[in-house]
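Take a look at the structure set out below.
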Amino acid sequence: MAPSTPRTRAAAALRMKQVALDNQDRTIRRLRAQLTTERRGLAATKKELKETQVALEASHKVIAGLTEIGLRMSKKIEKIKVKKQLVKANHVECHQKFQARIHEAEDSMQAQHLLIEALVDEKYSLLQTIHDLQEANNAPAPFDGDWEEEPEEEPEEIEDIPLGEGEIDDE
């Protein structure tokens, strides 16, 4: 028994080493497969990251452009507001000037109306005085209220007399 025992032990030890190598080989293959899968995943992640970075840069450019447009629009809006205020102020000023002119014209018209009323009163007073004087003198009243309009006479036409020789036209 002794001679076969070492062979079996050596064979068993070799067998165990072979099993261990086979296990290590399977582990290495499995780890290589995992490594390949991880590399593929990493490559896909890198590709997604690059696409995201490109999209983000494009978004930043769009945002920067929109911000610039917004700033320009804000400046234009401010200018328009200032113009609107100036126009409104000018309009108010013109309106006030126009109202002042209207008041001046109304005052002038009122003064003229008062003057006309005073003149009419004076006319009636003078007519009354004339009428009273005429009654006192027993003279007929020239202004009895019946106004007769005399027809206007047309001016006579002057005939053109032809100029003779040697006469000078003074016109």
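- Note that CD of Gln134 and CG of Leu127 are 9.5 Å apart. Values are rounded to the nearest 0.5 Å.
- Panel note: side chain Ser125, backbone Asp121; no donor-acceptor pair is recorded below 3.5 Å.
- Salt bridge status for Asp25 with Arg29: present, with a side-chain N to carboxylate O gap under 4.0 Å.
- The distance from atom OG1 of Thr45 to atom CZ of Arg39, rounded to the nearest 0.5 Å, is 14.5 Å.
- Among pairs with a residue in residues 78-100, those fulfilling side chain to side chain donor-acceptor pair (under 3.5 Å) read Glu93-Lys97, at least two apart in sequence or across chains.
- Expressed to the nearest 0.5 Å, how far NZ of Lys75 lies from CD1 of Ile80 amounts to 14.5 Å.
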Stepwise salt bridge (Lys or Arg N to Asp or Glu O under 4.0 Å) test for Glu57 and Lys61: CA-CA 6 Å; Glu57 288 174 1; Lys61 286 180 182 179; over 6 Å; no

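- Leu35 contributes atom CG, which lies 12.5 Å from atom CD1 of Ile28 (distance to the nearest 0.5 angstrom).
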When the side chains of residues 105-116 are checked against the rest of the protein, which donor-acceptor pairs come out under 3.5 Å, sequence neighbours left out?
{"residue": "His113", "atom": "NE2", "partner": "Glu117", "partner atom": "OE2", "Å": "2.5"}

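- Between the CG atom of Leu42 and the CG atom of Leu49 there is a distance of 10.0 Å, given to the nearest 0.5 Å.
- Here the CD atom belonging to Glu51 is positioned 13.5 Å from the CG atom belonging to Leu56, to the nearest 0.5 angstrom.
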